[in-house]
Chemist: 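Provided herewith is a single structure, encoded as structure tokens, for subsequent inquiry.
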Protein chains: 2
Amino acid sequence: MVRKPTSKETARKPNMREAILAAAEELFATNGFNAVSVRDIAQAAGANPGSVTYHFKTKDGLLLEIYRRHCGPMNLRRSELLAAARRVRDLQDRLEAVVRAYVVPAFTSGSDLAGGGARFTRLRAVMSAEGNEVARKIIAQTFDDTSHAFIDAIHESLPHIPRTDIVWRSHFLLGALYYSLVTPDRVSRLSRGEADGGDAASAIEQLVQATVASFQAPPLDHAAPARRRPVVSSKA
Amino acid sequence: MVRKPTSKETARKPNMREAILAAAEELFATNGFNAVSVRDIAQAAGANPGSVTYHFKTKDGLLLEIYRRHCGPMNLRRSELLAAARRVRDLQDRLEAVVRAYVVPAFTSGSDLAGGGARFTRLRAVMSAEGNEVARKIIAQTFDDTSHAFIDAIHESLPHIPRTDIVWRSHFLLGALYYSLVTPDRVSRLSRGEADGGDAASAIEQLVQATVASFQAPPLDHAAPARRRPVVSSKA
DNA sequence: TGATGTTTTGTACGATAGTACAAATCCCAT
DNA sequence: ATGGGATTTGTACTATCGTACAAAACATCA
């Protein structure tokens with residue numbers, strides 16, 4: 001009954017619905033789910049609280065729609081980049097390409113929606129931290145496939161590393177990624193202004209290089225920890 | 001029946017106060033600050049809602065007290081371990097010791113309080129994600145000194161890496177650390193049961209090794225990205 | 001024991017939460 | 001222009017929030 005594409009393809013007035021989604025996304029990503037009221041969202045969107053109920057029925061429904069809106073495009077983008085990365089010949093280069101395929105869509109727009117994917121990724125980080133039920137369900141059934149695909153791709157590039165280690169390290173990657181989006185100011189602060197934590201390009205490059213190196217670390221499955229070989233040459 | 005621990009001194013009945021603190025810590029760390037009501041805390045502690053007000057005045061005051069309770073011991077522990085790590089002769093070993101000195105107290109008890117430091121660290125992760133004001137203030141003025149000390153120590157072991165890169169990578173470390181405590185189940189799930197994300201010893205070992213490798217990655221300050229040399233031998 | 005200060009209990013209050021719903025408004029095909 | 005569905009508005013209801021506060025219960029010491 002909501003469907004009414006009679007003449008002009010889409011809804012004639014997508015403004016309000018979109019504005020509410022954008023406002024909610026921003027507020028949730030910044031303050032968490034529970035700290036933001038429906039009235040806050042409506043006010044930020046220049047809408048009436050009743051409009052939120054009308055379009056999304058409940059507050060949970062609003063969050064759900066935000067996820068639905070982003071998950072598809074973002075995972076699609078990742079799939080494309082991953083497929084391209086898999087075709088890289090050199091194993092070393094391929095590893096970096098795979099990691100980049102995972103990281104880049106999280107920072108840049110996973111879709112054509114304004115604001116880019118960084119906001120949505122920050123939202124995911126916050127929902128994850130809050131243990132939000134709605135988010136947890138969607139995440140597990142939407143992102144686990146993608147995660148497995150990436151883990152497999154990384155494992156291909158590093159066959160001698162146990163899959164378990166790769167899982168841990170890719171988990172660290174996601175944590176680092178989330179945290180970089182949650183508190184970018186901390187980077188600026190600790191670097192005494194020499195780095196800008198909010199600069200996506202820097203964050204991506206730093207994250208990719210650090211992560212590639214972490215994946216390349218020797219496995220630690222063995223009971224007796226093998227003597228690690230020097231990874232950085234002393235040529236300075 | 002009960003020995004007398006003291007005559008006057010401090011609280012004669014620390015039970016309730018402690019129970020409230022412990023319950024709040026657990027609930028906040030699991031569900032976030034705003035999702036937990038004072039009544040939830042009181043019920044979990046077997047106390048009356050009024051007791052919370054009596055002991056901590058406000059909900060913010062309760063959170064503040066949780067931080068006060070842990071920050072001191074945890075930073076002390078880190079200082080001790082860092083001082084010991086600094087005395088390690090071999091640069092390679094020292095780097096690992098420094099990273100370990102940062103990671104270990106976050107997982108194991110930062111004090112003698114029941115439950116260990118992991119719960120408090122998880123709490124910090126969640127508060128950070130929610131942008132909690134009370135937490136933000138304490139964090140900046142309590143942990144930044146420690147963070148700088150660790151960054152300096154790492155920089156000592158890796159003089160050829162720009163400080164900016166070290167800041168980024170230690171930021172990633174903290175993010176990975178937080179995320180490991182927030183959603184350990186994801187590790188278990190993605191590894192298909194082969195790894196236990198909740199096992200602190202595994203998490204520490206994996207995190208330390210991955211992080212050490214990431215710190216050792218070549219710097220990327222240069223405009224023209226230098227061709228990275230193979231880090232993993234091709235003997236496999 | 002009885003007085004005294006501390007802690008716990010019970011309850012109440014104002015504010016705000018999510019949501020429901022009727023009335024008002026808007027847009028487009030007729 | 002106009003009728004009718006889609007949207008927006010305004011408002012109200014109930015639940016729960018954080019907090020305050022008086023009374024009850026308790027522990028300690030003269």
Side-chain angles (χ1 to χ4, degrees), chain A residues 1-25 27-28 30-66 127 130 132-135, chain B residues 1-25 27-28 30-66 127 130 132-135:
Chain A
M1 57 160 63
V2 200
R3 207 73 189 99
K4 184 67 189 226
T6 43
S7 62
K8 289 283 172 54
E9 155 96 322
T10 55
R12 69 199 153 162
K13 222 184 182 182
N15 306 1
M16 238 352 160
R17 195 185 142 94
E18 293 301 321
I20 292 171
L21 278 170
E25 205 177 300
L27 288 172
F28 287 158
T30 309
N31 306 105
F33 184 77
N34 296 287
V36 178
S37 72
V38 172
R39 287 168 177 83
D40 291 336
I41 296 166
Q43 183 167 19
N48 190 285
S51 275
V52 179
T53 307
Y54 171 73
H55 284 290
F56 308 102
K57 202 61 192 170
T58 67
K59 197 182 169 190
D60 276 356
L62 173 54
L63 180 63
L64 199 76
E65 183 55 29
I66 292 175
M127 294 303 113
E130 282 189 320
N132 185 285
E133 267 308 307
V134 176
Chain B
M1 60 170 87
V2 173
R3 64 189 168 71
K4 238 174 33 170
T6 172
S7 54
K8 323 179 175 282
E9 193 49 86
T10 48
R12 66 200 153 164
K13 221 185 183 181
N15 305 0
M16 234 357 156
R17 194 185 142 94
E18 292 302 320
I20 292 171
L21 277 170
E25 205 177 299
L27 287 173
F28 286 158
T30 309
N31 307 103
F33 184 75
N34 296 286
V36 178
S37 72
V38 172
R39 288 168 176 81
D40 291 336
I41 296 166
Q43 183 167 20
N48 189 284
S51 274
V52 179
T53 306
Y54 171 74
H55 284 290
F56 307 102
K57 202 63 189 168
T58 68
K59 198 183 170 189
D60 276 356
L62 174 54
L63 181 62
L64 200 75
E65 182 55 29
I66 292 174
M127 294 304 110
E130 284 189 319
N132 185 285
E133 266 308 307
V134 177

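These values consider heavy atoms only, across backbone and side chains, with no hydrogens, waters or symmetry-generated copies. A, B, ... follow the sequence lines: proteins, then strands. Residue 1 opens every chain.
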Chemist: Which pair of non-hydrogen atoms, one from B:K59 and one from B:V38, has the smallest distance, and what is that distance?
Modeler: CG-CG2, 4.1 Å
Chemist: Within this structure, what is the CG-to-C1' distance between A:D40 and D:dC17, rounded to whole angstrom?
Modeler: 15 Å
Chemist: Are any protein N/O atoms closer than 3.5 Å to N/O atoms in nucleotides 21-24 of chain D? If there are, list each pair with its distance.
Modeler:
none

Chemist: Could you tell me the separation between the CD1 atom of A:I41 and the C1' atom of C:dG18, rounded to a whole number of Å?
Modeler: 11 Å
Chemist: Any non-hydrogen side-chain atom of A:F56 less than 4.5 Å from a side-chain atom of A:L63?
Modeler: no
Chemist: In terms of side-chain heavy atoms of B:K59, which of C:dT19, D:dT19, D:dT8 is nearest?
Modeler: D:dT19
Chemist: Can you name the nearest heavy-atom pair linking B:A135 to B:N132, along with the distance?
Modeler: N-OD1, 2.9 Å
Chemist: If I compare all heavy atoms of B:L27 with all of B:V36, which pair ends up nearest, and what's the gap?
Modeler: O-CG2, 3.5 Å
Chemist: Looking at CD of B:Q43 and CG of B:N48, how far apart are the two atoms once the value is rounded to the nearest 0.5 Å?
Modeler: 11.5 Å
Chemist: When you measure from the side-chain N and O atoms of A:H55 to the phosphate of D:dA6, is any distance below 4.0 Å, counting only OP1 and OP2?
Modeler: no
Chemist: For A:N48 and D:dT8, is the shortest distance between a side-chain N/O and OP1 or OP2 below 4.0 Å?
Modeler: no
Chemist: Rounded to the nearest Å, what distance is computed from the CG atom of residue A:L63 to the P atom of nucleotide C:dT19?
Modeler: 12 Å
Chemist: In whole angstrom, what separates B:F56's CZ from C:dT7's C1'?
Modeler: 13 Å
Chemist: If you round to the nearest 0.5 Å, how far is CG of A:L21 from CD of A:E18?
Modeler: 5.5 Å
Chemist: Report the distance from atom CZ of B:R17 to atom P of C:dT6, rounded to the nearest whole Å.
Modeler: 14 Å
Chemist: Output the rounded distance in Å from CG (B:N15) to P (D:dA27).
Modeler: 11 Å
Chemist: Would you say B:Y54 reaches C:dT7's phosphate, i.e. side-chain N/O to OP1/OP2 under 4.0 Å?
Modeler: yes
Chemist: D:dG18, C:dT19, D:dT8: which one has an atom nearest the side-chain heavy atoms of A:M16?
Modeler: D:dT8
Chemist: What residues in residues 32-39 of chain B put a non-hydrogen atom under 4.0 Å from any atom of DNA chain D?
Modeler: B:V36, B:S37, B:V38, B:R39
Chemist: B:I41 and B:F28: side-chain contact (heavy atoms from CB on, under 4.5 Å), yes or no, with the steps?
Modeler: CA-CA 9 Å; B:I41 296 166; B:F28 286 158; 3.6 Å; yes
Chemist: Take atom CD of B:E18 and atom P of C:dT7, then tell me their distance rounded to the nearest Å.
Modeler: 13 Å
Chemist: Can you tell me how far apart CE (B:M16) and NE2 (B:H55) are? Round to the nearest 0.5 Å.
Modeler: 8.0 Å
Chemist: Looking only at atom types and distance, does a side-chain atom of A:E130 sit under 3.5 Å from a main-chain N or O of A:F33, one as donor and one as acceptor?
Modeler: yes
